[in-house]
Q: 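If you scroll down you'll find the structure; I have some questions about it.
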Amino acid sequence: MLQVHEIRAHKDAYINALKKRGLDASADIEAVLSADETRRATQAKLDETLAQSNIFSKEIGKLFQSGEQQKANLLKEKTTQLKETSKQLQEELNTAVETLDNLLFALPNIPHESVPAGTDENDNETVFSEGDIPTLNTEALPHWELAKKYDLIDFELGVKVTGAGFPVYKGKGARLQRALISYFLDKNTEAGYTEYQVPHLVNETSARGTGQLPDKEGQMYHVTGDDLYLIPTAEVPVTNLFRGDLLPHTELPITCTGYTPCFRREAGSYGAHVRGLNRLHQFDKVEIVRIEHPDNSYNALDGMVEHVKSILRDLKLPYRILRLCGGDLGFTAALTYDFEVFSTAQDRWLEISSVSNFETFQANRLKLRFKDADGKNNLVHTLNGSALALPRVLAGILENYQTPDGIKIPEVLVPYCGFEMIS
RNA sequence: GGAGAAAUGGCAGAGUGGUCGAAUGCGGCAGUCUUGAAAACUGUUGAGGGUCACACCUCCGGGGGUUCGAAUCCCUCUUUCUCCGCCA
């Protein structure tokens, strides 16, 4: 959520920045400012009324103590009107706050200056690429066929037990997946991230805190019986660990990693590109989260990018890094780098990580602040990224490492797998 | 699931209708003393809104109510603890 007082101070800058998202927000911004105006005016009136009635109450108290009952009763009558007024003003204030909040909730984060203009994924900017794309022979198979051939993943069984998009991993497929999770967690821990195991269901407040609500209401599985949401990413529970905190600046940065399954309804996104592991309702992901001093957040973002690079180098997968354009940027992000692995057999790029700086957008909702060296309280910057998302990495490995004799296991994973080859 | 107890500032812990944003202790910060440190002493030390700055307003788990006035009384929800039952 954007900060009102910032919008008040830099109205035009906000309108301009949002244009990069293809959004003409001038009317919305005006609405915010006028709602804010109303809120403050109402607040001031209410405060005045309460101040007056506080004065009366104190006087009445004194009168009672000195035994001047009659005078006290006289004053009491005076307060009835004030009570009525303050009750009314309180209601007005509540609606004013609600109006303002709803307007603010609807506004996305403002893009960082380096975000390229653009409307969709075609306008994303490739900023880096690395790794050789293997030349496969003509019998090369896409991963869903390899999965079947070597009995690694059973999609039909998942349909039977739950439904489409809930694959069942088995044998060496399950083992390879577990190996990847362990390897990612170890790698992240070595880089200084503290490992967490967190709940896979979150309450509404948490989902609002990181911005999944109200923006992505339909994307999450909602457990209505207990009013909880299945997490779409570990970002939600992990970041919310710190919701409401006021951290000493000496504790920054806070760095976390965690493995969780992720649940996404993916409503309406069926089609040609969702075969196999490409798009699932349940998948595994290892996430990294950083809580940073605002002055350091972009350094930290670069560091996260380098970290993810090193994982992909370890795995020897060909990949590229995109800087998302304004139109493709997520609601809460100021700057996002997407990592894509080239899937040779499918001849297309698969997104396997998304690394973002949210600046104060989440922190504002989370009320997550730090106390600066001079004793002032400020919002932190939050960042997160996948390191990494499992299914498409698995797809990339299966497809790029296939040989006529079977699938080779990337060297770094052999100790975790306990085998070198799937055949 | 049943019965009972509790929730107060960074922590511990007083406060049962007015002068309480809240005693006291610990911790934190600043100072005195000291070559420096410790100890001792002195001062200071919650958050949000609002204002140019003050004033002022709000907050004692959340929400609602009684009252001129609520940390304190009532209702409700949540959480924690103890006991019982059940159980990976």
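Within every chain, numbering begins at 1; the chains are lettered A, B, ... in the order of the sequence lines, protein sequences first and strands thereafter. We use all heavy atoms of the structure for the numbers below, so side chains are in, but hydrogens, waters and symmetry mates are not. Just so it is clear, the model here is predicted, and its values are computed rather than measured.
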Q: Using a cut-off of less than 4.0 Å, is there contact between a side-chain N or O of A:N377 and OP1 or OP2 of B:A47?
A: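 Checking B:A47 against A:N377, a side-chain N or O does come within under 4.0 Å of OP1 or OP2.
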Q: I'd like to know if A:D47 reaches the base of B:G49 with its side chain, counting only an N/O donor and acceptor under 3.5 Å.
A: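 Indeed there is one.
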Q: Quick one: do the A:Y169 and A:D154 side chains pair a donor with an acceptor below 3.5 Å?
A: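 No, because no side-chain N or O of A:Y169 sits under 3.5 Å from a partner of the opposite role on A:D154.
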Q: Need the pair for B:A3. Rule: Watson-Crick or G-U wobble, both distances under 3.5 Å, any strand; none if unpaired.
A: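 Pairing partner, where one exists within any strand: B:U82.
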Q: Say we look at B:U79 and B:A88: how far apart would their P atoms be, to the nearest angstrom?
A: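 It comes out at 24 Å once rounded to the nearest Å.
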Q: If pairing requires Watson-Crick or G-U wobble contacts with both distances under 3.5 Å, which nucleotide is the partner of B:U51?
A: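 The answer is none; no pair meets the criterion.
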Q: Across all strands, who's sitting opposite B:U19 as a Watson-Crick or G-U wobble pair, both distances under 3.5 Å?
A: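 When the pairing criteria are applied, nothing turns out to pair with B:U19, so the answer is none.
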Q: Measure from CD on A:Q43 to P on B:U58 and round the result to the nearest Å.
A: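 Rounding to the nearest Å, CD of A:Q43 and P of B:U58 are 10 Å apart.
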Q: Just how far, in rounded Å, is P of B:G69 from CD of A:Q52?
A: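 After rounding, the reported distance stands at 14 Å.
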Q: Suppose you measure atom P in B:A70 against the same atom in B:G18; what distance do you get, rounded to whole Å?
A: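 It comes out at 11 Å once rounded to the nearest Å.
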Q: Taking the inter-plane angle between the rings of A:H307 and A:Y193 on a 0 to 90° scale, is it parallel (under 30°), tilted (30 to 60°) or perpendicular (over 60°)?
A: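 Judged by the thresholds at 30° and 60°, the geometry between A:H307 and A:Y193 is tilted.
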Q: Check whether any side-chain N or O of A:N54 sits under 4.0 Å from OP1 or OP2 of B:C57, and answer yes or no.
A: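 Checking A:N54 against B:C57: at least one side-chain N or O falls below 4.0 Å of OP1 or OP2.
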Q: May I ask you to say what A:A51 touches in the nucleic acid, namely base, sugar-phosphate or nothing, with a heavy-atom cut-off under 4.0 Å?
A: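 The answer is sugar-phosphate, as A:A51 gets under 4.0 Å only of primed atoms, P, OP1 or OP2.
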Q: Please say whether the positively charged group of A:K285, taken as NZ for Lys or CZ for Arg, lies over the ring of A:Y259, i.e. under 6.0 angstrom from the six-membered ring centre and within 45 degrees of the axis.
A: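 No, A:K285 does not lie over the aromatic ring of A:Y259.
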Q: Does A:I60 or A:R40 map to a spot on RNA chain B nearer the 5' end, using the closest nucleotide for each?
A: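 It is A:R40, whose closest nucleotide lies nearer the 5' terminus.
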Q: Taking only N and O in the side chain of A:K367, is any of them less than 4.0 Å away from OP1 or OP2 of B:A47?
A: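 Checking B:A47 against A:K367, no side-chain N or O comes under 4.0 Å of OP1 or OP2.
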Q: Would you tell me if any nitrogen or oxygen in the side chain of A:K83 comes within less than 4.0 Å of OP1 or OP2 on B:G69?
A: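 The answer is yes; a side-chain N or O of A:K83 sits under 4.0 Å from OP1 or OP2.
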Q: Contact class for A:T79 vs. all strands (heavy atom < 4.0 Å): base, sugar-phosphate, or nothing?
A: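 Touches sugar-phosphate only.
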Q: Can you check the A:L89 CG to B:G50 P distance for me, whole Å?
A: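 About 17 Å, once rounded to whole Å.
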Q: Heavy atoms under 4.0 Å, any strand shown: does A:L50 hit a base, just sugar-phosphate, or nothing?
A: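 A:L50: backbone/sugar contact only, no base atoms under 4.0 Å.
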Q: Between C1' on B:G65 and NZ on A:K87, what's the gap in Å once rounded to a whole number?
A: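 Taking NZ of A:K87 and C1' of B:G65, I get 10 Å after rounding.
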Q: Distance between the P atoms of B:U72 and B:C86, in whole angstroms?
A: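 Per the computed distance, 40 Å lies between those P atoms.
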Q: Does a side-chain N or O of A:R369 approach OP1 or OP2 of B:A47 to a distance below 4.0 Å, or not?
A: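 For A:R369, the contact criterion (side-chain N or O under 4.0 Å from OP1 or OP2 of B:A47) is not met.
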Q: Using both distances under 3.5 Å as the test, list the Watson-Crick or G-U wobble partner of B:A88, or none.
A: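 Pairing partner, where one exists within any strand: none, as none qualifies.
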Q: Can A:H293 and A:F370 be said to form a ring pair (Phe, Tyr, Trp, His ring centres under 6.0 Å), step by step?
A: CA-CA 8 Å; A:H293 190 286; A:F370 70 100; 4.8 Å; yes
Q: Could you work out the separation of B:C33 and B:C41 based on their C1' atoms and round it to a whole Å?
A: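 Their C1' atoms lie roughly 9 Å apart.
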Q: Whole angstroms only, please: what is the CD-P distance between A:E77 and B:U67?
A: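 Nearest whole value for this atom pair: 15 Å.
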Q: Take atom CG of A:D245 and atom P of B:G48, then tell me their distance rounded to the nearest Å.
A: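 My rounded result for the distance is 14 Å.
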Q: To the nearest Å, how far apart are A:Q3 CD and B:G49 P?
A: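 Checked: the CD to P distance equals 10 Å.
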Q: Check the orientation of A:F166 and A:Y221. Use parallel for under 30°, tilted for 30 to 60°, and perpendicular for over 60°.
A: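 Geometry flag for A:Y221 against A:F166: tilted rings.
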Q: Say you pick atom P in B:C81 and the same atom in B:A71; how far apart are they, in whole Å?
A: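 Nearest-Å result for B:C81 against B:A71 at atom P: 28 Å.
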Q: Tell me the interatomic distance from A:N94, atom CG, to B:G49, atom P, rounded to whole angstroms.
A: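 From A:N94 CG to B:G49 P: 17 Å.
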Q: In terms of the nearest nucleotide of RNA chain B, which residue is placed more toward the 5' end: A:D36 or A:S57?
A: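 Here A:S57 is the residue nearer the 5' end.
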Q: Considering Watson-Crick and G-U wobble pairs with both distances under 3.5 Å, what does B:A37 pair with?
A: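 B:A37 is unpaired by these criteria.
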Q: Over 60° means perpendicular and under 30° means parallel, so classify the ring planes of A:F331 and A:F361, tilted if in between.
A: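 Ring orientation of A:F361 relative to A:F331: perpendicular.
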Q: P atom, B:G61 versus B:A12: distance in rounded Å?
A: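 It works out to 14 Å between them.
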Q: Can you tell me the pairing partner of B:U24 across any strand shown, Watson-Crick or G-U wobble, with both distances under 3.5 angstrom?
A: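 Result: B:A12.
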Q: Determine the interatomic distance between P on B:U58 and the same-named atom on B:U19; round to the nearest Å.
A: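 Rounded to whole Å, the distance is 13 Å.
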Q: Using the P atom as the point on both nucleotides, what is the distance between B:G46 and B:C29, in whole Å?
A: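 Nearest-Å result for B:C29 against B:G46 at atom P: 15 Å.
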Q: Decide if atom CD of A:Q3 counts as having more than 12 heavy atoms of other residues, nucleotides or ligands within a radius under 6.0 Å.
A: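 It does: A:Q3 CD has more than 12 such atoms within range.
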Q: Under 3.5 Å for both donor-acceptor distances, Watson-Crick or wobble: does B:G61 have a partner, and if so which one?
A: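 With both distances under 3.5 Å, B:G61 matches B:C77.
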Q: Does B:G50 have its OP1 or OP2 closer than 4.0 Å to a side-chain nitrogen or oxygen of A:R39?
A: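 Answer yes for this pair, as a side-chain N or O of A:R39 is under 4.0 Å from OP1 or OP2.
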Q: Is the count of non-hydrogen atoms from other residues, nucleotides or ligands lying under 6.0 Å from A:E411 atom CD greater than 12?
A: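 Open: at most 12 neighbouring heavy atoms sit under 6.0 Å from CD of A:E411.
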Q: Write down the partner of B:C29 under the Watson-Crick or G-U wobble criteria, each distance required to be under 3.5 Å.
A: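 Result: B:G43.
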